[in-house]
A.B. asks: 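Structure in structure tokens, see below.
Each chain gets a letter, A, B and so on, in the order its sequence line appears, and its residues count up from 1.
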Amino acid sequence: MEEMSNFIKTIMINDLESGKVKAILTRFPPEPNAYLHIGHARAIITNFELAESFGGETNLRFDDTNPAKEDVEFVEAIKKDIEWLGYHPAKVLFGSDYFDKTYELAVALIKKGLAYICDLTPEETSKYRGDFNTAGVESPYRNRSVAENLELFSNMRAGKYKEEERVLRAKIDMASPNINMRDPILYRILYINHHRTKDKWCIYPMYDFAHPIQDAIEGITHSLCSLEYENHRPLYDWVVEKCEMPNVPQQIEFGRLNITNTVMSKRYLRELVNNKLVLSYDDPRMPTLVGLARRGYTPESIKNFVKASGLSRINSTIEGEMLEHFLREDLKLKANRLMAVVEPLKVVITNYDEGKVEYLEAANNTENEELGTRKIAFSRHLYIDKNDFVIEKPDKRYKRLALGLEVRLFHAYFIKANEVIYDADGNIGEIHCTYDPETKSGSGFNERKPNGTIQFVEASTAIPATFNLFDTLVIDNPGDNRSFLERFNPDSWIIKPGFVEGVRKNFAVLERFQFVRDGYYAVDKDSNKDRLCFNRIVSLKSAIK
RNA sequence: AGGGCUAUAGCCAAGUGGUAAGGCAACAGGCUCUGACCCUGUCAUUCCGUAGGUUCGAAUCCUACUAGCCCUGCCA
């Protein structure tokens, strides 16, 4: 599990050994325009873990060069998410911190004759750019004098032109097969209040110009980004070279991470929230980090998942089962395992005194003694799960309760089902059982084997709970022609009322239950910290299928 | 169509000339006061997109082909 992102690691090792770099410095550069999701986790974890493995560091730098889309709400949320994952950026920076320097470098480029002010309209610019099969046509403004460019650029900054009236362009090659090199725009005019620099600027650098400069200024050694920036690397390198940055960062691309049956795009997530199909960005159905946290995912489980799933130059779609596996694994020894009943079925212990309640000792986690024990109630009136009872044992593999059979109630006694009481509709209403005092949990009773072990809760002390049954990630049916919003089915989030055992001291009422394939766990509704239960197996398996 | 990139099992993914790691999923069995967990076994038998070639020897080198992804925002 410690081995990850080998191809990048190899590059770093080589650079360190050859003396090209002295220490590794990476950065995570989100644009503060959305909440982070599990896909971003790959970038965060890769950057931090890789740097750390070489004793290096990682900066958090907000890429805020487009004030039209960005907001402080997101920078705060992103900071929290990174903290939640357990990472500590060496520095927290903003692209806008470098606006002065970026401007200076643009001026320097103009002086070198490597950049010019272009008066073409956006439409004309696009037309002049050509296409995949046609070389671009040089802008008529391409050969303005340095002096004129300098004056025009200064005027741009001073707010003498309207938006879209002029831009600063790099003078590279209009015939390049890489369209990014056909005199890319470096600066555009935007009369928008920036969330940090307010109205100081009315011109803003484009990503392609700002990003390499920011990396170089900070001394970033390896600038990791996703595959779609491959075509931008020549431009990235051009900027670093022509701006004569003393520090030369290296851009390395890697594939994005997707999860099956999950929608990850910012646009769709935003639509879900804006159309109120989910409660908010931290709705448990969302693949955002805050959503996953609310569903009970631990930072460790996400980190282990990302590390184990590796990294390559391929956009991967990993099965959701793998994410769940790492959650189960992480929770296995950490979580207190309480008992719960999703679909309650009344059980009356006919040979137990009415009104008496006894308390039995139960391990909070049978695999981890350190989590201690708790007292659980037992009385004449109990609930078990409907799925744990059938009239007649269907086959030898059936390990639950049936009429005439005996099972162990986990942490308590053997009970034997003697009679089924039907309700007015003819459905199974309750079961009358007898218990055997000699089989008390921990007594070492060994004279006969029960037909399995099931969970229960004591009726008078049980706490009503809400179970979210299918609150998986957002559903996406690829073959369906309807719009994404129409395909999203909020009802896939099935909520069932049930009970959780009610005797415990240190936990608030549990409200949200997340089913993870063969087990489930609950999240404390207030603190979001305590994760409980990892027990009930059978009924959930059948419920999910 | 021009350019760039990628192709290893159902899903991820190691491997860079020496005879296909690992994880998830799946299947079979064992154990069990949770049918979970745990344990055991099976899961690419000349095979690494296809076809050729070089070599004593290739997934790894060469050639050709095929498929997929990205690129014509004053987004990032």
A.B. asks: Just checking A:Phe445: base, sugar-phosphate only, or nothing, at a heavy-atom cut-off of under 4.0 Å?
C.D. replies: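 Touches nothing.
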A.B. asks: Separation of A:Ile314 atom CD1 from B:G4 atom P, in whole Å?
C.D. replies: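 Distance check: A:Ile314 CD1 to B:G4 P gives 19 Å.
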A.B. asks: With a non-hydrogen cut-off below 4.0 angstrom, is A:Asp131 in contact with a base, only sugar-phosphate, or nothing?
C.D. replies: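 It contacts base atoms.
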A.B. asks: Considering just the side-chain nitrogens and oxygens of A:Ser312, establish if one lies under 4.0 Å of OP1 or OP2 belonging to B:A13.
C.D. replies: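 For B:A13, OP1 or OP2 has a side-chain N or O of A:Ser312 closer than 4.0 Å.
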A.B. asks: With nearest nucleotides of RNA chain B determined for A:His232 and A:Arg397 from heavy-atom distances, which residue corresponds to the more 5′ nucleotide?
C.D. replies: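 Closer to the 5' end of RNA chain B: A:Arg397.
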A.B. asks: What nucleic acid atoms does A:Ser176 come within less than 4.0 Å of, heavy atoms only: base, sugar-phosphate, or nothing?
C.D. replies: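 Result for A:Ser176 = nothing.
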A.B. asks: A:Ile179 has a side chain; which of B:A36, B:C71, B:A76 sits nearest to it?
C.D. replies: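 Between B:A36, B:C71, B:A76, the one nearest the side chain of A:Ile179 would be B:C71.
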A.B. asks: With heavy atoms under 4.0 Å as the rule, sort A:Leu227 into base, sugar-phosphate or nothing.
C.D. replies: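 Answer is nothing: A:Leu227 stays at 4.0 Å or more from every strand.
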A.B. asks: Within 45 degrees of the axis of the six-membered ring of A:Tyr116 and under 6.0 Å from its centre: does A:Arg169 put its NZ or CZ there?
C.D. replies: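 Cation-pi check for A:Arg169 and A:Tyr116: fails.
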A.B. asks: If anything within 90° of 0 is syn and all else is anti, what is B:G15?
C.D. replies: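 You should classify B:G15 as anti.
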A.B. asks: Base, sugar-phosphate or nothing for A:Ser126? Non-hydrogen atoms, less than 4.0 Å.
C.D. replies: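 The answer is sugar-phosphate, as A:Ser126 gets under 4.0 Å only of primed atoms, P, OP1 or OP2.
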A.B. asks: Would you indicate what A:Thr439 reaches in the nucleic acid, counting non-hydrogen atoms under 4.0 angstrom: base, sugar-phosphate, or nothing?
C.D. replies: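 Here A:Thr439 touches no strand at all.
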A.B. asks: Heavy atoms under 4.0 Å, any strand shown: does A:Arg408 hit a base, just sugar-phosphate, or nothing?
C.D. replies: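 The residue A:Arg408 makes base contact.
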A.B. asks: Salt bridge or not between A:Arg256 and A:Glu228? Use side-chain N to carboxylate O under 4.0 Å.
C.D. replies: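 Result for this pair is yes, salt bridge flagged.
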A.B. asks: Using a 4.0 Å heavy-atom cut-off across all strands, classify A:Asn178 as base, sugar-phosphate, or nothing.
C.D. replies: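 Answer is nothing: A:Asn178 stays at 4.0 Å or more from every strand.
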A.B. asks: With both distances kept under 3.5 Å, what pairs with B:A25, Watson-Crick or G-U wobble?
C.D. replies: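 Pair assignment: B:A25 / none.
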A.B. asks: Pick base, sugar-phosphate or nothing for A:Gly452, based on heavy-atom distances below 4.0 Å to the nucleic acid.
C.D. replies: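 Here A:Gly452 touches no strand at all.
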A.B. asks: Classify A:Ser441 by what it touches in the nucleic acid, base, sugar-phosphate, or nothing, heavy-atom distance under 4.0 Å.
C.D. replies: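 Result for A:Ser441 = base.
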A.B. asks: Within the stacking criterion (centroid distance below 5.5 Å, interplanar angle below 30°), does A:Phe132 stack on B:G2?
C.D. replies: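 Stacked: ring centres under 5.5 Å, planes under 30°.
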A.B. asks: For a quick test of reading the model: is some side-chain N or O of A:Lys332 closer than 4.0 Å to OP1 or OP2 of B:C38?
C.D. replies: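 For B:C38, OP1/OP2 do have a side-chain N/O of A:Lys332 under 4.0 Å.
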A.B. asks: Please work out which of the three classes, parallel, tilted or perpendicular, describes the rings of A:Tyr413 and A:Tyr435, given edges at 30° and 60°.
C.D. replies: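 Geometry flag for A:Tyr413 against A:Tyr435: perpendicular rings.
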A.B. asks: More 5' along RNA chain B: A:Cys118 or A:Ser443, using each one's nearest nucleotide?
C.D. replies: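 Its nucleotide being nearer the 5' end, the pick is A:Ser443.
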A.B. asks: Please confirm whether the shortest side-chain N or O distance from A:Asn6 to OP1 or OP2 of B:G15 is below 4.0 Å.
C.D. replies: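 Yes, A:Asn6 has a side-chain N/O under 4.0 Å of OP1/OP2 on B:G15.
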A.B. asks: Determine yes or no for a side-chain-to-main-chain donor-acceptor pair under 3.5 angstrom, with A:Arg42 supplying the side chain and A:Gly310 the backbone.
C.D. replies: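 Yes.
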A.B. asks: With a 3.5 Å limit on both atom pairs, tell me what B:C65 is paired to, counting Watson-Crick and G-U wobble, or say none.
C.D. replies: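 In the structure as shown, B:C65 has B:G49 as its Watson-Crick or wobble partner.
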A.B. asks: Strictly below 4.0 Å, N to O, side chains only: are A:Glu361 and A:Lys375 in salt-bridge contact?
C.D. replies: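 Salt bridge: yes.
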A.B. asks: Tell me which nucleotide among B:C75, B:C24, B:G3 gets nearest to the side chain of A:Met206.
C.D. replies: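 Side chain of A:Met206 sits closest to B:C75.
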A.B. asks: Identify which nucleotide among B:A36, B:U72, B:C70 has an atom closest to any side-chain atom of A:Glu228, counting heavy atoms from C-beta outward.
C.D. replies: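 Closest nucleotide to the A:Glu228 side chain: B:C70.
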A.B. asks: Using only side-chain N and O atoms of A:Thr65, determine if any of them is under 4.0 Å from OP1 or OP2 of B:A76.
C.D. replies: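 Yes, within the criterion.
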A.B. asks: Work out how far the C1' atom of B:C11 is from that of B:G18, and round it to whole angstrom.
C.D. replies: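 Looking at atom C1' only, B:C11 and B:G18 are 30 Å apart.
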A.B. asks: Quick one: label A:Glu164 by what it contacts on the DNA or RNA (base, sugar-phosphate, nothing), any heavy atom closer than 4.0 Å.
C.D. replies: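 It contacts base atoms.
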A.B. asks: With distance as the sole criterion, do the side chain of A:Arg400 and the base of B:G35 form a donor-acceptor contact below 3.5 Å?
C.D. replies: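 Result: at least one qualifying N/O pair found.
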A.B. asks: Is the phosphate of B:A76 approached by A:Arg267 (side-chain N or O, under 4.0 Å from OP1 or OP2)?
C.D. replies: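 A:Arg267 to B:A76 OP1/OP2: no side-chain N or O under 4.0 Å.
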A.B. asks: Quick one: label A:Leu186 by what it contacts on the DNA or RNA (base, sugar-phosphate, nothing), any heavy atom closer than 4.0 Å.
C.D. replies: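 It contacts nothing in the nucleic acid.
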A.B. asks: Is any side-chain nitrogen or oxygen of A:Arg188 closer than 4.0 Å to OP1 or OP2 of B:C75?
C.D. replies: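 Yes, within the criterion.
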A.B. asks: Partner lookup for B:U19, please. Criteria are Watson-Crick or G-U wobble with both distances under 3.5 angstrom; report none if nothing qualifies.
C.D. replies: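 Base partner found: none.
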A.B. asks: Taking atom P in both B:A44 and B:A20, what distance in whole Å separates the two?
C.D. replies: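 Result for the P pair: 12 Å, nearest Å.
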A.B. asks: Would A:Glu49 and A:Lys307 pass as an ion pair if we require N to O under 4.0 Å?
C.D. replies: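 Here A:Glu49 pairs with A:Lys307 in a salt bridge, since their nearest N and O are under 4.0 Å apart.
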A.B. asks: Of the nucleotides B:A14, B:U6, B:A1, which one has an atom closest to the side chain of A:Asn133?
C.D. replies: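 Within the option list, the nearest is B:A1.
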A.B. asks: List for me each residue that meets side chain to side chain contact (heavy atoms under 4.5 Å, CB included) alongside A:Arg397, sequence neighbours excluded, and say none if there are none.
C.D. replies: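 Partners of A:Arg397 under the side chain to side chain contact (heavy atoms under 4.5 Å, CB included) test: A:Asp395.
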A.B. asks: Under 4.0 Å from OP1 or OP2 of B:A13: is there any side-chain N or O of A:Arg313 that close?
C.D. replies: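 Checking B:A13 against A:Arg313, no side-chain N or O comes under 4.0 Å of OP1 or OP2.
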A.B. asks: Under 4.0 angstrom, heavy atoms only, what part of the nucleic acid is A:Lys127 near: base, sugar-phosphate, or nothing?
C.D. replies: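 Nothing, no heavy atom under 4.0 Å.
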A.B. asks: For A:Glu501, is there an ion pair with A:Arg374 - N to carboxylate O distance below 4.0 angstrom?
C.D. replies: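 Judged by the 4.0 Å cut-off on N to carboxylate O distance, A:Arg374 and A:Glu501 do form a salt bridge.
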A.B. asks: What integer distance in Å separates A:Arg328:CZ from B:A25:P?
C.D. replies: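 Rounded to the whole Å, the gap is 6 Å.
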A.B. asks: For A:Tyr187, which contact category applies under a 4.0 Å heavy-atom criterion: base, sugar-phosphate, or nothing?
C.D. replies: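 Contact class for A:Tyr187: none.
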A.B. asks: Check whether any side-chain nitrogen or oxygen of A:Ser309 sits under 4.0 Å from OP1 or OP2 of B:A13, and answer yes or no.
C.D. replies: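 Result: no.
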